2 protein chains.
Amino acid sequence: MKKLLIVGGVAGGASAAARARRLNEQAEIIMFERGEFVSFANCGLPYHISGEIENRDALVLQTPASFKARFNVDVRVQHEVIAIDKVAKQVSVKHLATGEIYQESYDALLLSPGAAPVIPPIPGLQNPLTFSLRNIPDMDRIMAQLASQKPQHVTVVGGGFIGLEMVEAMRHLGIDVSLVELSDQVMAPVDFEMANMLHKTLCDHGVDLKLNVALQSVEQVESGLQLHLSDGSLLTTQMLITAIGVKPEIGLAVDAGLEIGSRGGIAVNEQMQTSDSAIYAVGDAIESIDFVTGEPVLVPLAGPANRQGRIAANNIFGANESYKRTQGTAICRVFDLAVASTGLSEKRLKQMDIDYDKVYVHGASHAGYFPGAHPVSLKLLFATEDGKIFGAQAVGKDGIDKRIDVLAVALRAGLSVYDLQDLELTYAPPFGSAKDVLNQAGFVAANRLKGDTVLCHSDEVANLAADQVLLDVRNPAELTQVGSIDGAINIPLDQLRQRTDELPKDKQILIFCQVGLRGNVAYRMLHNLGFDAKNLTGGYKTYQMVQAKY
Amino acid sequence: MKKLLIVGGVAGGASAAARARRLNEQAEIIMFERGEFVSFANCGLPYHISGEIENRDALVLQTPASFKARFNVDVRVQHEVIAIDKVAKQVSVKHLATGEIYQESYDALLLSPGAAPVIPPIPGLQNPLTFSLRNIPDMDRIMAQLASQKPQHVTVVGGGFIGLEMVEAMRHLGIDVSLVELSDQVMAPVDFEMANMLHKTLCDHGVDLKLNVALQSVEQVESGLQLHLSDGSLLTTQMLITAIGVKPEIGLAVDAGLEIGSRGGIAVNEQMQTSDSAIYAVGDAIESIDFVTGEPVLVPLAGPANRQGRIAANNIFGANESYKRTQGTAICRVFDLAVASTGLSEKRLKQMDIDYDKVYVHGASHAGYFPGAHPVSLKLLFATEDGKIFGAQAVGKDGIDKRIDVLAVALRAGLSVYDLQDLELTYAPPFGSAKDVLNQAGFVAANRLKGDTVLCHSDEVANLAADQVLLDVRNPAELTQVGSIDGAINIPLDQLRQRTDELPKDKQILIFCQVGLRGNVAYRMLHNLGFDAKNLTGGYKTYQMVQAKY
């Protein structure tokens, strides 16, 4: 390997460049970046807009000069690679400042062009008050607009990571904000009931949340923009931020005749090699393979991009290293909550027609008797056959990253819900519980699979059959405080053994408590006494997550 | 199974009782507890003494009445089981309040007697100003003494979990405290250099830390106690708390002729069954099997005790479930730091003569550009042959529980350091990094095993051979700020490529930077240029951890 060209200087490209130099001191390495910046912290952009990251320079991790000094990489910003000649092994490069076009030859070429914001074909969307956020110049433009125009109301379209972060940033700055989301939930990687906890916190923090609403057209008016929404309403706003998602930047690859995958990303093998053996590709522009299903997926996340860049560099310099698929592990802060997930969602399992089961557990972030414990609401998805973990989602104020990280590793290691029972996790009152929420999830799921518990879900409770009754085993004070479900018999767990004669023997009893734990004790008691019973997994809390309307 | 007796009503016993009732509604279950309390949060005791847990009731998780109501368990507090008749399958019970002794028969017997504080045979130790802490009455006595006598100075003997928590509690109450520790470090489960970070924070928080010092005798004097220490000094104190460790309560088992293991705990098989098939034992009183070595170990921790109680109950009621060994995962808060570990320490690996390797990584608890990131100092121990994880230790202000939890699962799943490279963990700026410290540890360890990096350790740096030179690749400003190592050549990394002529070609170059990252870049550069070099793993920061004297 004598000469390596890299297209794109952010996560994947920059990782590859640094790794390549560590592997080979002599190789010529040139990194082309269309923009002005390389190796910047694009995940940090919303937090500089909000003011939480005060210093803009903190977002620029490397400069062309620092890359040159440390890694002897020739970084050419504002240089766009506009064509690839696979046969001659050379690229055409346009210097954007001068317009000059020149050729550069390569022995290996690495593509890390990233992804571009999706801009839907909405009439009127092209206007000076509409912004998207993908890089530092985008951020600068948004901040300049905020500073000069001082909008009182901003509308964000799209409730994914960037959309939610921008919503929070606006509220942090004291600006009124509407969030317009086409589907029935924000944060597509998690299921509706988990996202519904975010809907609550968004409303609690004064966000005007519009679910199931599409932006149909945009009109410039004197006071700003008038948005025509699919529910027939008009929304006047002073600034519009679109955050509908991103699509792989594949133009260069398409023009060069490289293979494109079924999901619209550049196709690569496990070595990150494209259909041309001298050309590698990494990051948001490529398709990777889903860890659980083996299907191609688009996963525009920083962690995989960095990892792929490193692996591509290793392989370019003679290793034979494989990228081990993508789980899509992700997390997002939404005001006081964190939401995180790994692996497959229930929606995805249904789409793929995979036989799965699920449990919900609401545990504490650390010992309940120690100050500052917060609920951790966990959803665990697993194979009905052998309990293998398919995916997990969690929402809460604290300890969400930890639980999903542990489950991400468990999933990657091929563990089952049975194994979760045995996990030995750190425990001291400020940090955890002797039976962590993850152990509890393992117990509940293993009980379910072994038949020690028969579970039911909120939809069954909400659509009671004629031969079913509801039993609420919470204390009356709790019902007053948080509500219950119409028609449920209330017998507190600690009185149940004495009051079973109040229960019908000829009906199936759907038991619930607040989170599912007391319900399980009641289930076991009634089952052992010969009743036909089921326990609502996750209890009334999960029922509320499913039913609440925002 | 008709009748189950349980000896001991805290973690393991209480878990077993609750599980047993869920499995069987008809069985008679009697739980004997010598003390006044069942199912109390003994891990919380130091935090109620400090005032951090305000409400004493929060520590009492269940009462005899609540156990009866919920689980129909006959809980007999202040009842001590004083003998077991294995042949007749009955126990003798002494009612401590009345002195009455009676027999109770069993079909199955579960022993969960716990462990007692070690009280060493030190002359004068039996005095009214000396305390230990294991249960609620112990706590009450200590708090009454603090309230009535208002000591200005307290001495804690023993730097384990409880010792450290009591030291912190005393400082929290504004009381001067001396910590006397026989060995050269506190917190025996971790290695010296990791504990040394705790030594620093203890001193920073005004603790009079006396390492390598034994308490030889205690004299009561007018002003309190005079302690005679092995360094020849006298220490006057007003209250003494011994926290030297615990030993399994095996008296009952020994008298009954049950098999005792080589480490002095009750011997059990994987089903938690003792040498008598009708008698099970769990918790601090038993020996379990070390997950990595397969050797018997004493692990007095709450998590395993709870898990064992559940498994014993399952097996008593007809399951065939195995306890999956103990890793000893543990965590402790020491003022602003957390220290945690899982698996084997380096000390232990050396004792067992196991072929291991180690790396140190100092990463950030979350993205460095986001406010509030703190260093995570991680030590990773693994097999030289195949990289299998043997153990891990971490110290820092934030994110310590998460990293050790992930590694605890990785160890349990049999993962290697290579697998750590591929872990896909949650990343958003407030929660993690695109390359988490765990990924970094994987990279460093994999580089080491593949021969991509030759590492050295602090001892080699501190004892330089004649044909070795030290190269410090940090910036001069850092040297001024945090110091360096005598005799090291300083060439900042970003100038190194231009200044290699300043380095001797005939000597081995031991490179270091602050944490090891830049050192690795320098290593790769010099290696590729033909120099004989090594990089100090963990850099100057680890060197300081090893060398600092407190």
Side-chain angles (χ1 to χ4, degrees), chain A residues 11 22-25 41 43-44 47 52-53 58-59 66 69-70 72 301-304 306-307 324 326-327 329-333 338 340 342 367 369-371 401-402 404-406 408-410 412-413 415 422-432 434-435 493-494 497 521 524-525 528-529, chain B residues 11 22-25 41 43-44 47 52-53 58-59 66 69-70 72 301-304 306-307 324 326-327 329-333 338 340 342 367 369-371 401-402 404-406 408-410 412-413 415 422-432 434-435 493-494 497 521 524-525 528-529:
Chain A
R22 292 200 296 274
L23 294 172
N24 189 303
E25 184 61 24
C43 302
Y47 301 100
E52 210 167 343
I53 296 174
L59 300 174
S66 73
R70 181 154 301 179
N72 191 26
L301 292 171
N306 279 298
R307 181 81 189 108
K324 302 284 197 310
T326 302
Q327 294 167 245
T329 308
I331 191 165
C332 186
R333 193 187 72 183
T342 191
Y369 59 80
F370 192 85
D401 53 340
K402 177 165 83 169
I404 293 299
D405 279 356
V406 166
V409 179
R412 189 160 276 267
L415 299 190
D422 297 311
L423 294 187
E424 230 189 293
L425 304 169
T426 54
Y427 164 52
F431 302 105
K435 291 174 192 156
L493 173 60
D494 291 351
R497 196 169 274 110
V521 176
R524 292 297 311 168
M525 187 192 304
N528 288 334
L529 291 170
Chain B
R22 291 200 297 274
L23 294 173
N24 190 303
E25 184 61 23
C43 302
Y47 301 101
E52 210 168 342
I53 296 173
L59 300 174
S66 73
R70 182 155 301 179
N72 192 25
L301 293 171
N306 279 299
R307 181 82 188 106
K324 302 283 198 310
T326 302
Q327 293 166 245
T329 308
I331 191 164
C332 187
R333 194 188 69 183
T342 191
Y369 59 80
F370 192 85
D401 52 340
K402 177 164 85 170
I404 294 299
D405 279 354
V406 167
V409 180
R412 189 160 275 266
L415 300 190
D422 296 313
L423 294 187
E424 230 189 293
L425 304 168
T426 54
Y427 164 52
F431 303 105
K435 291 174 192 156
L493 173 60
D494 292 349
R497 197 168 272 111
V521 176
R524 292 298 311 170
M525 187 193 302
N528 287 334
L529 290 170

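Note that this is a predicted model, so its numbers are computed, not measured.
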Student: Which heavy atom of A:Ala11 sits nearest a heavy atom of A:Asn306, and at what distance?
Tutor: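 Looks like O-OD1, 3.4 Å.
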Student: Does the side chain of A:Asp405 reach to within under 4.5 Å of the side chain of B:Asp405, using non-hydrogen atoms?
Tutor: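 No - every pair of side-chain heavy atoms lies 4.5 Å or more apart.
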Student: Is it the backbone or the side chain of A:Cys43 that comes under 4.5 Å from a heavy atom of chain B, or both, or neither?
Tutor: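 Contact with chain B is through both the backbone and side chain of A:Cys43.
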Student: Answer with side chain, backbone, both or neither: which region of A:Ala367 has an atom nearer than 4.5 Å to a non-hydrogen atom of chain B?
Tutor: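 Neither part.
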Student: Given the options A:Leu23, A:Leu493, A:Thr426, which has more heavy-atom pairs under 4.5 Å with chain B than any of the others?
Tutor: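 So the answer, after comparing A:Leu23, A:Leu493, A:Thr426, is A:Thr426.
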Student: Minimum heavy-atom separation for A:Pro371 and B:Ile53, please, with both atom names.
Tutor: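 Shortest heavy-atom contact: CD-CG1, 3.9 Å.
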Student: Among A:Leu529, A:Val409, A:Val521, A:Asp494, who wins on heavy-atom pairs under 4.5 Å with chain B?
Tutor: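 Of the candidates given, the most pairs with chain B belong to A:Asp494.
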Student: Would you mind checking which part of A:Tyr47 comes under 4.5 Å of any heavy atom in chain B, side chain (CB onward), backbone (N, CA, C, O), both or neither?
Tutor: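 Looking at A:Tyr47, just its side chain touches chain B.
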Student: As an exercise, state the distance from CD of B:Gln327 to CG of A:Leu425, rounded to the nearest 0.5 Å.
Tutor: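 Rounded to the nearest 0.5 Å, the CD-CG separation comes out at 8.5 Å.
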Student: Under 4.5 Å heavy-atom distance to chain B, tell me which part of A:Arg333 shows up: side chain, backbone, both or neither.
Tutor: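 Backbone plus side chain of A:Arg333, per the 4.5 Å heavy-atom cut-off to chain B.
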Student: For chain B, which candidate among A:Leu59, A:Thr326, A:Leu301 shows the most heavy-atom pairs at distances under 4.5 Å?
Tutor: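 Highest number of pairs under 4.5 Å: A:Thr326.
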Student: So for B:Arg307, is it side chain, backbone, both, or neither that comes closer than 4.5 Å to the heavy atoms of chain A?
Tutor: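 Looking at B:Arg307, just its side chain touches chain A.
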Student: Need one label for A:Leu415: side chain, backbone, both or neither, based on atoms under 4.5 Å from any heavy atom in chain B.
Tutor: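 Interface part for A:Leu415: side chain.
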Student: At a heavy-atom separation under 4.5 Å, does A:Asn24 approach chain B through its side chain, its backbone, both, or neither?
Tutor: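 The answer is the backbone of A:Asn24.
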Student: Are A:Glu25 and B:Arg497 close enough for a salt bridge, meaning some N to O gap below 4.0 Å?
Tutor: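 Salt bridge present between A:Glu25 and B:Arg497.
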Student: Check the pair B:Asp422, A:Arg412 against salt bridge (charged side-chain N to carboxylate O under 4.0 Å, His left out), reporting the backbone distance first and the verdict last.
Tutor: CA-CA 9 Å; B:Asp422 296 313; A:Arg412 189 160 276 267; 5.2 Å; no
Student: For each of A:Ala302, A:Gly303, A:Pro429, A:Ala428, tally heavy-atom pairs with chain B at distances under 4.5 Å, and name the one with the top tally.
Tutor: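 Sorted descending by pairs with chain B, the first entry is A:Pro429.
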Student: With sequence neighbours excluded, tell me which residues meet salt bridge (Lys or Arg N to Asp or Glu O under 4.0 Å) with A:Lys435.
Tutor: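 Testing A:Lys435 for salt bridge (Lys or Arg N to Asp or Glu O under 4.0 Å), a comparison that skips the adjacent residues, returns none.
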Student: Looking at B:Pro430, B:Pro304, B:Ala410, B:Ser66, which one has more heavy-atom pairs under 4.5 Å with chain A than the rest?
Tutor: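 Option with the top pair count is B:Pro430.
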Student: Can you tell me how far the CD1 atom of B:Ile331 sits from the CD1 atom of B:Ile404, to the nearest 0.5 Å?
Tutor: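 These two atoms lie 8.0 Å from each other.
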Student: I'd like to verify something: which residue of A:Lys324, A:Arg524, A:Glu424 has the highest number of heavy-atom pairs under 4.5 Å with chain B?
Tutor: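 Heavy-atom pair counts peak at A:Glu424.
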Student: If you take all heavy atoms of B:Lys402 and B:Phe431, which pair is closest and at what distance?
Tutor: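 Heavy atoms of B:Lys402 and B:Phe431 come nearest at NZ-O, 2.8 Å.
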